[in-house]
Amino acid sequence: ELNYIHWKLQAGKCGLCSSVKACLSACGMACQGLQKGETLASLKRECDNLKKKLEEERGKLNDVELHQVAEKTEVLGALSVKTRRVLKGHGNKVLCMDWCKDRRRLVSSSQDGKVIVWDAFTLNKEHGITLPCTWVMACAYAPSGCAVACGGLDNKCSVVPLSLDKTENLAAKKKSVAMHTNYVSGCTFTNSDMQLLTCSGDGTCALWDVESGQLLQSFHGHTADVLSLDLAPSETGNTFVSGGCDKKANVWDMRSGQNIQSFESHESDINCVKYYPSGDAFASASDDATCRFYDLRADREVAVYQKDSIIFGASTVDFSLSGRLLFAGYNDYTINAWDVLKGTRVSVLFGHENRISRVRVSPDGTALCSASWDNTLRIWA
Amino acid sequence: MKEWNIKCVNSFSMEKVIVAMQDPDMGMKMRNQRLLITVIPHAMTGRDVIDWLIQKYNICEEEALHVGGMLVRYGYIYPLKEPRSLVLRADETPYRFQTPYFWTSTRWPASELDYAIYLAKKNIRKQGELMEYEKERYSLLHKRINHTWDFVVMQAREQLRASKQRRKADRIVLECQEQAYWLINRPPVRSLTLHYSAVLYHTIESCRRALGRNRVKSSICLEGFVKFSEQYQNHDPIMQGCLPSNPWISDDTAHWTMNSEIVPVPTRLRVERWSFSFMELLNDPIGRREFMTYLEKEFSAENLCFWQACEDIRHGESSKIIQKVEDVYKNFLAPGAARWVNIDSKTMDKTLEGIKHPHRFVMDDAQLHIYFLMKKDSYPRYLKSDLYKNMLAKAIVPQETKKSVFPFMRRQRHSSPSPAQAVTQVTEEDGRAMGAGKAGTNSAAGSHV
């Protein structure tokens, strides 16, 4: 944490937010320095005590474990899931992908700056966008299907409208929307094409108005790079979760910018976070080779998906449509399918020849797409 | 360390690099550097540093610049000529190793007293030598540790006297080292203590809030997950398959055609899903349409219309917010409005007040109120209504496709109209020539596959 603050200070900005004005509202009194009678040591002690108390409170309502409740559910047989398509065309590591709402198209982005829109069903490449930066770590399909967002080492996230005119250079119509002070690690549209949510190596998440490029809200609280975020599928539609290198997963209120809930149980970087379909829980994938399941109403971690034989970090997770299965991609080139309720591993999917960077179940749950550093994407069903 | 990021690097690995750089055999070649009229020993150029890193770790120039830059940023190497510019230049710019006494990792937190002595020395040595931010801090410190101020001044004078007795080169080196150390630990913009305290306050705040939160018993929450997964199991194609077949397996897109956004008759599974939750009903365009029909029969359709209009404000373009809020007020909230919605007076007052300064979330409270009204009242009655029961009765249950007799004869995979056509169609009116070959008879507003 200390080194991170050093780095932030070199950039000439406040350690926690990007402007003096924002600092005063988010940190409140903190920016005036230590309060009378307090030292850093006394603050640290108070902080540690509160954390301990919080763990105690959380433990009080913990009257049963998930696998106990799940005893009555049937045991799942091994999945008969196979590779049904291999999408070849990227010249370098595929870092990210996202499905289109039409259930068959998807967008993928790669280390060499290329973004491709595919009809994965026919293997047709429908659009190709070449960005001037390398390491396009984030890409997302707009809900309307008429645009994609992408960003990475250029510290920006841009929106590119998709045109069917083959002669048009899509990159020329690219519009910069998000501006961070470090790489963009993830992005997603909210319920419409009009707003974009991003997370970044600068430790913040941000909500942007696509039309004007205006920053609508910024989210401060992580003390290291934020690597992933996911929007909650809730009926009031106002929260999202983020995970990062500070080992924390934070739940945020999009409207106020406040950090509503925080979980810190992983032993290393959190690479990916994804909501359970009901919105009452989320899963995380971490460099500590485990995936975990967090219950938002009970406010605690309720399952750890791990095995002695799995020693490489997990980089990505997604749920099947019913939420019973959790697919996780690992740095040992495999995808493991976990029984979310019982905590056991159901299947292993082999096929990729390098790390898995992203797994995503299609919108209607008929297939799983995996993107890999072996330059390909695979569709499993 | 992740390959693509400049994440905070463990200070111990940086120190390993520094020690290797100073190795008598395999380390860097040091030389004397001229600084104005003084010669500073044991210095190196930025170019030297980069070349050494490239050679030792077998990396490219870009990465060497990055690693070397970190060493400067964290104060293990400091620039002799421009001490405030903490960057590594790949040229003849001279640098020196910081003495381990001043390494970041060994000296935290940098004490107030030490800093006061340093500033006092600077002030005494040459009047006006302190920068603006240093002057501010100097007077702040003077207030805060006023009781030991005599000690501070005395120490400063002692240290200055002792340094005058050193050789000029040594004196300059020590001054540079000290200055570099304080530039890192009390950087020009804000102080380290300030920021670490800010992090702690943040954490304390969120812990306090978390302690005040209502939690639900585990047994209730976890039972919820079991029920949810059970309910949706039949709808999960990866687990139970789908009818007539999974397009990815059979290459037959019938499943998608039957489940398009708008179809004449929806499938049974789809209609069943509307009974799982109110959100499922509203998220399905056909479900929403059916619900609207039901509400019209009950003369409460204005509730759904209002809810939809509020969604439009929340998720639409920023530039249209003011107009949309005005329209919603006119149609749904104003006294005597054509489609007046029944909101409790407290929420109504709050909303009307908020409308004076319209913003994206101004309708949130009213929208929530109407949403829960529909969910608790109209929705359960809709599920018991004939309208819904008939929908369920005539819903399609597709036949499972028999597996092909000749499995190696793969079906032709048909393409589908791209959703991006919606844009194409609009701009055609502008007279722009588009590759609209696929547009054909399928309008973008019609069936998406």
Side-chain angles (χ1 to χ4, degrees), chain A residues 3-5 7 9-10 12 15-16 27 30 33-34 40 43 46-47 50-51 54 57 61-64 66 69 73 84 102 119 121-122 135 145-146 162 164-166 191-192 194 201 209 211-212 223 225 235 245 255 259 262 278 295 297-299 320-324 341 365-367 379 381, chain B residues 4-5 7-8 11 73 86 109 187 189 193-204 206-207 210-211 213 215-219 221-224 226 228-229 232-233 235-239 242 246 248-249 256 279 315-319 361 413 415 418-424 434-435 448:
Chain A
N3 287 339
Y4 177 74
I5 292 169
W7 176 81
L9 290 170
Q10 300 317 312
L16 293 165
C27 310
L34 292 166
L40 279 178
L43 269 184
E46 187 184 349
C47 196
L50 279 173
K51 278 190 188 166
L54 184 58
E57 280 303 307
L61 290 172
N62 185 5
D63 53 348
V64 72
L66 181 56
V69 171
T73 59
R84 306 290 173 177
D102 78 349
D119 176 352
F121 187 69
T122 57
W135 289 94
C146 298
L162 298 176
L164 287 178
D165 183 353
K166 299 288 179 198
N191 296 39
S192 77
M194 299 300 143
D209 178 65
E211 209 183 14
S212 61
T223 50
D225 307 30
E235 40 191 7
C245 294
R255 196 184 147 168
N259 179 355
S262 190
S278 74
D295 185 332
R297 293 189 301 165
D299 190 33
S320 70
L321 190 135
S322 65
R324 181 68 192 268
L341 302 177
T366 49
I379 307 288
Chain B
W4 64 75
N5 72 8
K7 198 167 67 131
C8 49
S11 57
R73 214 186 268 165
L86 294 170
V189 181
T193 315
L194 202 66
H195 283 275
Y196 200 60
S197 68
V199 171
L200 288 170
Y201 277 122
H202 258 276
T203 319
I204 289 172
S206 52
C207 275
L211 279 167
R213 162 168 311 113
R215 282 178 196 79
V216 182
K217 244 191 333 184
S218 281
S219 46
C221 303
L222 301 178
E223 197 58 49
V226 174
F228 184 91
S229 293
Y232 281 84
Q233 189 159 320
H235 299 250
D236 190 336
I238 291 178
M239 289 185 65
C242 61
N246 187 323
W248 299 102
I249 302 176
W256 285 333
M279 207 172 59
H315 302 298
E317 290 110 312
S318 289
S319 53
F361 304 109
R413 296 170 181 168
S415 60
S418 165
Q421 276 191 144
V423 176
T424 318
M434 289 280 181
H448 289 275

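Below, chain A is the first sequence line, B the second, and so on; all start at residue 1.
For A/N191, the parts sitting under 4.5 Å from any heavy atom of chain B are the backbone and the side chain alike. Within the 4.5 angstrom heavy-atom criterion, atoms from both the backbone and the side chain of A/S320 approach chain B. Proximity to chain B (any heavy atom under 4.5 Å) is shown, for A/S212, by neither the backbone nor the side chain. Within the 4.5 angstrom heavy-atom criterion, only side-chain atoms of A/I379, from C-beta onward, approach chain B. Interface residue A/L54: backbone and side-chain heavy atoms are both found under 4.5 Å from chain B. Residue A/D119 touches chain B through its side chain alone, counting heavy-atom pairs closer than 4.5 Å.
Taking both residues in full, the closest heavy atoms of B/P419 and A/C146 are given as O-SG, 3.6 Å, listed atom of the first, atom of the second, then distance. Closest heavy-atom contact between B/L222 and A/D295: CD2-OD2, 4.1 Å. Here the closest heavy-atom approach between residue B/C242 and residue A/T366 is recorded as SG-CG2, 4.1 Å. Counting all heavy atoms, side chain and backbone alike, B/R413 lies closest to A/F121 at CD-O, 3.3 Å. Looking at every heavy atom in both residues, A/L341 comes nearest to B/S229 through CD1-CB, 4.2 Å. Listed here is the closest heavy atom pair of B/W248 and A/R84: O-CB, 3.6 Å.
By the side chain to side chain contact (heavy atoms under 4.5 Å, CB included) test, B/V216 is found to be paired with A/R297, B/I220, B/C221, residues two or more places apart in sequence or in another chain being considered. Looking at residues two or more places apart in sequence or on another chain, you find a salt bridge (Lys or Arg N to Asp or Glu O under 4.0 Å) between B/R215 and A/D299.
From A/L321, atom CG reaches atom CD of B/Q233 across 11.5 Å, with rounding to the nearest 0.5 Å. In this structure, CZ on A/R324 lies 10.5 Å from CG on B/D236, to the nearest 0.5 angstrom. Note: A/K51 NZ to B/L211 CG = 12.5 Å, rounded to the nearest 0.5 Å.
For the pair B/S418/A/L162, no side-chain contact is recorded, criterion being any heavy-atom separation below 4.5 Å from C-beta on. For the pair B/S218/A/L61, no side-chain contact is recorded, criterion being any heavy-atom separation below 4.5 Å from C-beta on.
Among A/N62, A/D63, A/V69, the residue with the largest count of heavy-atom pairs under 4.5 Å with chain B is A/D63. Interface remark: of the candidates A/S192, A/G323, A/A298, A/S262, A/A298 forms the most heavy-atom pairs closer than 4.5 Å to chain B. Between chain A and the options B/G224, B/C207, B/S319, B/P237, heavy-atom pairs under 4.5 Å are most frequent for B/P237.
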